[in-house]
Amino acid sequence: PLQMTRAAIAAASAAAERVVREDLQGTLGLLLLTPLGPRRIARSKWAAAVVHAGSLVLCGVPVLAVCVYLGGVSAWDLAWCFSTTMALAALAAAFGLRASAICRTVPRAAVLGFVYLLGYSLLPLLLLFAGGWPAVFLSPFAHPVWAVVAIAEGRGSIRPGAAGSILEFGWLSATAVSFLVAWLLSKSTGRLIEKRAAAPPSLTPAIEVPVVLRRDKVMGPLVIDTREVWEHDPLLWKDLATRWGTRATTDGRKLFAIYTTIFMTLCWLFTRGHSLGMLLFLGSCFTVLAVAAGASLFASEKEGRRFEMLLSSPVSGPSVVRAKLLSGLLAAESLILIGLGAGATLAWSWWAGPGGARVQRGVFTLFLGFAYLLSAAASLKADAVPGALLAAAGILGVILLAVPLLSSILGPGWNVLHPAWVLEPLYQGVGDEKEALERFLVFACVYGPACGGLVGGMLWRFDRIMGRM
């Protein structure tokens with residue numbers, strides 16, 4: 001799972017900037033003047049993103065090859081592991097490229113590409129209402145993630161000729177279907193690229209000063225009044241007014257909130273809020289969005305060559321860091337996600353009692369805050385948004401996916417890093433609120449100082465960049 005997640009993030013991030021950078025540099029029209037057609041351009045960019053992700057996948061071949069040599073892992077296991085990984089990377093690259101042809105900024109394209117990939121992965125669950133259980137039965141033959149789930153539920157090691165469910169061999173067709181779907185998506189993206197190049201160049205919109213209506217008297221006429229720049233915190237005002245999420249329309253934000261609420265409601269109806277796995281799945285989705293929000297704080301300024309202007313402004317380093325962090329939390333899209341996250345914790349803790357509900361909210365808030373601060377620190381260190389995304393996603397992937405393996409080898413002490421370890425007592429038979437609270441205190445003692453250390457590290461890093469250290 002760690003390898004598949006990392007490869008998918010790398011492919012989507014690499015593809016999300018292919019068309020956006022061509023458009024920002026003004027070379028997209030020149031590219032279409034070459035003998036290459038739009039479809040061939042799209043396929044070439046998709047292939048480049050797949051090769052970029054494939055280089056990361058190939059780095060893991062020697063490690064697993066040693067495991068095959070030592071025993072315990074067969075060559076058949078090696079085959080389905082890397083086949084499904086490359087299939088998921090191909091899908092992620094195709095969705096990321098399509099998002100890049102639609103969006104105007106790299107962070108927005110990366111988030112949209114992840115949303116496309118997540119929606120395609122959850123398509124069998126939606127087809128369950130239309131086709132019943134046969135739709136779920138066929139999913140391991142069409143999607144690499146569901147193929148891996150079928151293998152995990154069957155036997156850990158699949159060998160040819162061994163008795164087992166036919167679902168465990170679904171990865172063979174899932175790989176072929178995934179590459180076919182990715183190839184067709186990249187082919188259709190050529191039309192979007194051609195349409196974008198033919199469109200008039202988009203100018204960076206000026207900052208719109210919010211306008212409010214007030215009355216001079218109780219029954220007087222309406223008078224237009226403008227809100228001036230916040231004199232006490234102009235940098236925060238600028239960040240809130242120029243974030244990429246502000247370009248989305250109000251209807252778009254409402255539709256996103258409505259569709260997400262419907263999806264969460266369906267997830268709750270399946271489990272009635274008693275499934276730890278479903279809560280962790282929703283938490284991982286919110287974690288990806290928190291990482292995307294934090295990764296665009298500083299790296300986007302560097303990509304647009306506005307970081308030097310920020311450094312030359314008469315604002316102290318702590319004020320800049322504070323304004324950046326607050327702008328990521330107070331933006332309209334962030335407030336929508338915070339409200340949805342609060343609703344998810346309430347829906348999955350209604351049965352746990354006051355103590356259990358507080359523990360779930362605390363774990364949810366603390367880990368998402370850590371993910372947001374980690375990606376913000378990576379954004380300050382990296383030169384581009386994809387680099388910050390990969391760095392933060394890699395660290396979080398190790399915590400969420402590699403920690404359970406380490407705990408089984410080195411001892412249960414490593415479990416304190418995983419949120420599921422804190423919530424397990426609430427979902428085992430009769431909920432044990434006391435044990436869950438004790439685990440949460442240990443969890444908070446780890447992630448609380450970690451969050452403070454990340455903020456301190458960002459202040460130190462920013463002062464170093466400004467030449468004060």
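What you see is a predicted model; the values in this text were computed from it and never measured. Starting from 1, each residue takes its place in the sequence as its number.
- Take Met86 and apply the side-chain contact (heavy atoms from CB on, under 4.5 Å) test, not counting sequence neighbours, and it matches Val50, Val57, Phe179.
- Atom-to-atom distance recorded for Leu335:CG and Leu329:CG is 8.5 Å, nearest 0.5 angstrom.
- Nearest heavy-atom pair, Gly294 versus Ser375, reported as atom, atom and distance to 0.1 Å: CA-OG, 3.2 Å.
- Taking the side chain as every heavy atom from C-beta outward, His418 and Ile399 never approach each other to under 4.5 Å.
- Considering only heavy atoms from C-beta on, Leu400 comes within 4.5 Å of Phe367 through its side chain.
- Phe364 places none of its side-chain heavy atoms less than 4.5 Å from the side chain of Leu282.
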Handout entry: Test side-chain contact (heavy atoms from CB on, under 4.5 Å) applied to Tyr116 and Leu91, step by step
Key = CA-CA 10 Å; Tyr116 281 156; Leu91 287 173; over 6 Å; no
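- The side-chain contact (heavy atoms from CB on, under 4.5 Å) test applied to Glu194 returns Pro38, not counting sequence neighbours.
- Pairs of residues two or more places apart, or lying in two chains, never qualify as side-chain hydrogen bond (donor to acceptor under 3.5 Å, both in side chains) while including a residue from residues 86-96.
- With sequence neighbours left out, Leu325 forms a side-chain contact (heavy atoms from CB on, under 4.5 Å) with Leu297, Val321, Tyr372, Leu373, Ala376, Met458.
- Listed here is the closest heavy atom pair of Pro140 and Ala174: O-CB, 3.5 Å.
- Aromatic ring centres of Tyr447 and Phe443 lie closer together than 6.0 Å.
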Exercise for the section: Start with the C-alpha gap between Trp80 and Phe169, add the side-chain angles, then the distance that decides, and say whether side-chain contact (heavy atoms from CB on, under 4.5 Å) holds. Expected result: CA-CA 9 Å; Trp80 67 256; Phe169 296 88; over 6 Å; no
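- Here Leu276 contributes atom CG and Gln360 contributes atom CD; the two are 8.0 Å apart, rounded to the nearest 0.5 Å.
- Atom CG of Asp383 is separated from atom CZ of Phe298 by 14.0 Å, given to the nearest 0.5 angstrom.
- The two residues Ser100 and Val20 have their closest heavy-atom pair at OG-N, 3.1 Å.
- Counting only heavy atoms from C-beta outward, the side chains of Trp46 and Arg18 never approach each other to under 4.5 Å.
- For the pair Arg196 (side chain) and Asp23 (backbone), a donor-acceptor distance under 3.5 Å is absent.
- Ring centroids of Phe114 and Phe95 are separated by 6.0 Å or more, keeping the two rings apart.
- The two atoms that bring Gly170 and Ala147 nearest to each other are C-CB, 4.3 Å, heavy atoms only.
- Listed for the Thr84 side chain is a donor-acceptor partner under 3.5 Å among the backbone atoms of Cys81.
- Between Cys285 atom SG and Leu337 atom CG the span is 11.0 Å, to the nearest 0.5 Å.
- To the nearest 0.5 Å, atom CG of residue Leu31 and atom CG of residue Leu36 are 6.5 Å apart.
- In this structure the side chain of Ser379 never reaches within 4.5 angstrom of the side chain of Leu389, judged on heavy atoms.
- Note that the CG atom of Leu56 and the CD1 atom of Ile9 stand 11.0 Å from one another [nearest 0.5 Å].
- Under the side-chain hydrogen bond (donor to acceptor under 3.5 Å, both in side chains) criterion, the residue pairs touching residues 173-190 are Arg98-Ser188, with sequence neighbours excluded.
- Across all non-hydrogen atoms, the minimal contact from Ala92 to Ala8 is CB-O, 3.4 Å.
- With contacts defined as side-chain heavy-atom distances shorter than 4.5 Å, the pair Leu88/Leu117 qualifies.
- By the salt bridge (charged side-chain N to carboxylate O under 4.0 Å, His left out) test, Arg322 is found to be paired with Asp233, residues two or more places apart in sequence or in another chain being considered.
- Side chains of Glu22 and Thr27: a donor on one and an acceptor on the other come within 3.5 Å.
- Pairing each heavy atom of Ala420 with each of Leu280, the nearest pair is CB-CD1, 3.7 Å.
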Practice task
Give the C-alpha distance, both sets of side-chain angles, the deciding distance and a yes or no for side-chain contact (heavy atoms from CB on, under 4.5 Å) between Leu30 and Leu33.
Solution key: CA-CA 5 Å; Leu30 298 177; Leu33 293 178; 4.1 Å; yes
Handout entry: Test log, rule side-chain contact (heavy atoms from CB on, under 4.5 Å), inputs Val177 and His143
Key = CA-CA 7 Å; Val177 170; His143 199 284; over 6 Å; no
